[in-house]
Protein chains: 4
Amino acid sequence: MPKISDEKRAARRAQILEAAWTCFQKDGLHATTMDHIIRASGLSAGAVYSYYPSKDDLILAAVATSLSGLSAIVAPLLHAEPPMSPSQLVGEITEAIDRFASRDGFDLKRIALLGWSEAQRNEQLRATMKSFYIDFRCDLAGALKRWRDDRTGVEYDVEADMAAALLSLVLGYVVQSAVIGDVSPQGMVDGLAQLERAAVE
Amino acid sequence: MPKISDEKRAARRAQILEAAWTCFQKDGLHATTMDHIIRASGLSAGAVYSYYPSKDDLILAAVATSLSGLSAIVAPLLHAEPPMSPSQLVGEITEAIDRFASRDGFDLKRIALLGWSEAQRNEQLRATMKSFYIDFRCDLAGALKRWRDDRTGVEYDVEADMAAALLSLVLGYVVQSAVIGDVSPQGMVDGLAQLERAAVE
Amino acid sequence: MPKISDEKRAARRAQILEAAWTCFQKDGLHATTMDHIIRASGLSAGAVYSYYPSKDDLILAAVATSLSGLSAIVAPLLHAEPPMSPSQLVGEITEAIDRFASRDGFDLKRIALLGWSEAQRNEQLRATMKSFYIDFRCDLAGALKRWRDDRTGVEYDVEADMAAALLSLVLGYVVQSAVIGDVSPQGMVDGLAQLERAAVE
Amino acid sequence: MPKISDEKRAARRAQILEAAWTCFQKDGLHATTMDHIIRASGLSAGAVYSYYPSKDDLILAAVATSLSGLSAIVAPLLHAEPPMSPSQLVGEITEAIDRFASRDGFDLKRIALLGWSEAQRNEQLRATMKSFYIDFRCDLAGALKRWRDDRTGVEYDVEADMAAALLSLVLGYVVQSAVIGDVSPQGMVDGLAQLERAAVE
DNA sequence: GATGAATGAGTCTTCATTCAT
DNA sequence: AATGAATGAAGACTCATTCAT
């Protein structure tokens, strides 16, 4: 049989990945069987396996896709001009996550929790997530630096800790949102603002 | 064998739970098989099942135990006199978590991630975690209120958002610690302090 | 400890057997666990096993008890004076079975089916049932002989086949009653009468 | 492996069912494990389960197959022209059952008892059997009607009771045959004949 | 004698993966 | 290349029976 073109291959991969994504986020990583994914993809078992050689690969790909989707959405916020303040960042990012999450009934937050959990057992997945979050934090640090430089005219050096704190706020928002369910971006912004204000009272 | 004493029963339950805890945190919730737990507990399958009627019960018990252990460690911090400042709280709590986590080779943070993930599919577990975190946030709000009242002599009303933000910092610390691994309590404290300072510059 | 008196032993055996009987007829032979019986009997596992060394023994005893209960109820009919006609016998016996069956919510017919089924696998049970039914058929033959001798003044010898046919009618009644559920003793009597009448038309 | 043809599928189903049939009638319904059936079928566990999704389905299918096999054998007798007399019917049907039973070492009577027993606990099975026996009785009634109409030139209406009695004779024959083992079709015929004769003496 | 906690082989079923066609 | 039937090694859980106390 003739070789399949590269675009076809890419399209197939995307088709499978989308099916996996949907299944994973609906049923969780372990309750999703390959059969679910195979059916959802509309392909045959053999076909799916020829594109992704194992379920773990599919999990990795699905999580990586989520991360890069998130990345795409968050990037403009991190590089916005003029740069945002910390609480603006927290507000805009959490809001963006909510927006992304609710697109097409997908829930990014659920995938995030599933991914963190799975990362404990899957070396490669952990590496992927680790480097993603490190990049995220770097960009966050960059954004904070630009904001402070703009405001003060002074060049600060290390916003690493600030970035970590800010990332914590975002991640903690995701957890609370998924587990408790009663948080809002505005609440986070207000909470941080109060924290800042209280410090100087 | 005649009727076993209540303490013996409790001891057996603890023995099984400890085995489960260890397995869960080493291999994750799903990769841990009942057989692993049974072997680790040193009992027979029937004995284990007579104390915990299903794997889900064991998961629930393991997570609940983690939560209440954490609760016991954090409570004194939340009710300390004089009340702590927000950044002190973040520092002390994250440090307590680290300390608790490293006791006996257990890693509370990993169990936390596993629990959040599992809570997506296990109604009862989600309920348990939800009420735990709501309580946590309440106590956090109480601690913040006492701190502000002490400092300002004024009675503030709503620290709900502040508490949510603070809880986010703690949860986000847990995530970063488990997934990235390069955060420290001191870093969080410094990060928050910088956030506060930056706001007024 | 002092030896238990023989009456006590007998009472205990009866108590256990009754519990087993009830469980068996409610849930079937295989779905009934020893634990069910143990709980229903109000004794301990060890106690039950000291009276009946295995579940199979209990099954055997329960079926044997049913059979002898049935026997006690049917005997007077078979030895009634004056002797009954075949259709009277069918009517009275099936009616007696119905009556016996509905006592205390027990259903003799269900136990009968369960016993027949189990007899396929349990040598001893089959032997017990076999000898019971052979006796039953003998008594039936005796009753028929007395009836014919009375009527005709002649001594017939072999009513074995008649007895087998009559027993079939009774057993078939039990099956239809348990599986279909729309038969009545009167219907059987009428059916047999019609069969007889049709033969001479 | 590409898509399998419908005949192949049917052949596989038959292959599995035959294995199940053999196991069931040798060991009984509950003592037969899926593993027995799987080994007997020569397939793998997964393959068997892909054709019959549970043991209960297999039981149902085995019993249903027995019933329809029986049906096929008995039907010609019930619609024979000229119609048979009651005792002829009893004789021919029981003989047909014996013949069917001994084919290939299968024993239809044993399966019948097993099925009746199982029907007490399996709703679907009971429904299947019930409708089978009702149909059987209807056909029996039809056969009896045709016989009487032929003989008397009169149209009788209700042979329902006669049919029930005749069915009892057949079912009772099965029970006695399986449990006692010393009955023969000829004995049943003779027994019924004697019953008829005795009635008019 | 009595107790009931403990045993552990055995049950049904699932599902990631392969490979003959 | 693609198919999807087949594989078979686990998996969670049960339950008749035993025996230390």
Side-chain angles (χ1 to χ4, degrees), chain A residues 1-4 8-9 12 30-39 43-59, chain B residues 1-5 8-9 12 30-39 41-58, chain C residues 1-4 8-9 12 30-39 43-59, chain D residues 1-5 8-9 12 30-39 41-58:
Chain A
M1 292 194 184
K3 249 192 176 119
I4 214 164
K8 259 256 139 75
R9 274 198 73 82
R12 278 271 206 276
H30 294 283
T32 293
T33 69
M34 286 303 289
D35 197 53
H36 290 160
I37 297 173
I38 287 159
R39 276 166 207 274
L43 296 175
S44 69
V48 169
Y49 270 88
S50 80
Y51 288 98
Y52 291 95
S54 78
K55 190 180 176 182
D56 273 356
D57 287 273
L58 228 20
I59 290 176
Chain B
M1 302 169 184
K3 198 144 200 155
I4 217 169
S5 71
K8 266 254 148 65
R9 267 200 79 79
R12 276 273 197 272
H30 291 283
T32 293
T33 70
M34 285 304 288
D35 201 53
H36 291 159
I37 297 173
I38 286 158
R39 275 168 209 274
S41 73
L43 295 173
S44 67
V48 169
Y49 272 91
S50 83
Y51 287 96
Y52 292 94
S54 76
K55 189 179 177 183
D56 273 355
D57 286 273
L58 228 20
Chain C
M1 293 196 183
K3 253 198 173 109
I4 214 165
K8 261 250 146 71
R9 274 197 74 81
R12 278 268 207 277
H30 294 282
T32 293
T33 69
M34 285 304 288
D35 198 53
H36 290 160
I37 297 173
I38 287 159
R39 275 166 208 274
L43 298 174
S44 68
V48 169
Y49 270 87
S50 80
Y51 289 97
Y52 291 95
S54 78
K55 189 181 178 182
D56 273 355
D57 287 273
L58 228 21
I59 290 176
Chain D
M1 301 170 185
K3 198 145 201 156
I4 219 169
S5 72
K8 266 253 148 62
R9 267 199 81 77
R12 277 272 198 269
H30 292 283
T32 293
T33 70
M34 285 304 288
D35 200 53
H36 291 160
I37 297 174
I38 287 158
R39 275 167 209 273
S41 74
L43 295 173
S44 66
V48 169
Y49 271 89
S50 83
Y51 286 96
Y52 292 94
S54 76
K55 189 180 176 181
D56 272 355
D57 286 272
L58 227 21

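Labels below follow one simple rule: chain letters A, B, ... track the order of the sequence lines, proteins then strands, and each chain is numbered from 1.
Separating the CZ atom of C/R39 from the C1' atom of F/dA16 is a distance of 15 Å, rounded to the nearest angstrom. At whole-Å resolution of the value, CG in B/D57 and C1' in F/dA12 are 13 Å apart. Following rounding to the nearest Å, B/I4 (CD1) and F/dA20 (P) show an atom-to-atom distance of 15 Å. The nearest whole Å value for the distance from the NZ atom in D/K8 to the C1' atom in F/dA6 is 14 Å. Rounded to a whole Å, the OH atom of C/Y52 is 17 Å from the C1' atom of F/dA16. At whole-Å resolution of the value, NZ in D/K3 and C1' in E/dA20 are 17 Å apart. Rounding to whole angstrom units, CZ of residue B/R9 and C1' of E/dA6 are separated by 12 Å.
Listed by chain and residue number, C/H30 satisfy the ring-ring contact (aromatic ring centres under 6.0 Å, His included) test with D/H30 (two or more places apart in sequence, or in another chain). Under the side-chain contact (heavy atoms from CB on, under 4.5 Å) criterion, D/S44 pairs with D/A47, sequence neighbours left out. For D/S54, the side-chain contact (heavy atoms from CB on, under 4.5 Å) criterion is met by D/D56, D/D57, not counting sequence neighbours. C/Y49 meets the side-chain contact (heavy atoms from CB on, under 4.5 Å) test with C/M34; sequence neighbours excluded. Qualifying side-chain contact (heavy atoms from CB on, under 4.5 Å) partners for D/T33, counting only residues two or more places apart in sequence or in other chains: D/D35, D/H36.
Taking the P atoms as reference points, E/dG1 lies 22 Å from F/dT21, given to the whole Å.
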Going 5' to 3' along nucleotides 12-18 of chain E, which nucleotides have protein heavy atoms under 4.0 Å from the base (write B), which only from the sugar-phosphate (write S), and which from neither (write -)? SBBBSBB
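From A/I59, atom CD1 reaches atom OG1 of A/T32 across 8.5 Å, with rounding to the nearest 0.5 Å. Distance check: C/Y51 OH to C/R12 CZ gives 5.0 Å after rounding to the nearest 0.5 Å. Note that OH of B/Y52 and CD1 of B/I37 are 10.5 Å apart. Values are rounded to the nearest 0.5 Å.
Contact annotation: B/R12 reaches the phosphate of E/dA6 (side-chain N/O to OP1 or OP2, under 4.0 Å).
B/Y51 comes within 4.0 angstrom of the backbone, heavy atoms only, and of no base. Residue A/L43 is out of contact with every strand shown, counting any heavy-atom pair closer than 4.0 Å.
Each of D/H36 and C/S44 lies near DNA chain E, and the nucleotide nearest C/S44 is the one positioned closer to the 5' end.
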Whenever both distances are under 3.5 Å in a Watson-Crick or G-U wobble pair, mark it; put DNA chain E into dot-bracket that way, with [ ] for crossing pairs and | when the partner is on another strand. .||||||||||||||||||||
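Shortest non-hydrogen contact noted between D/V48 and D/S41 is CG2-OG, 3.6 Å.
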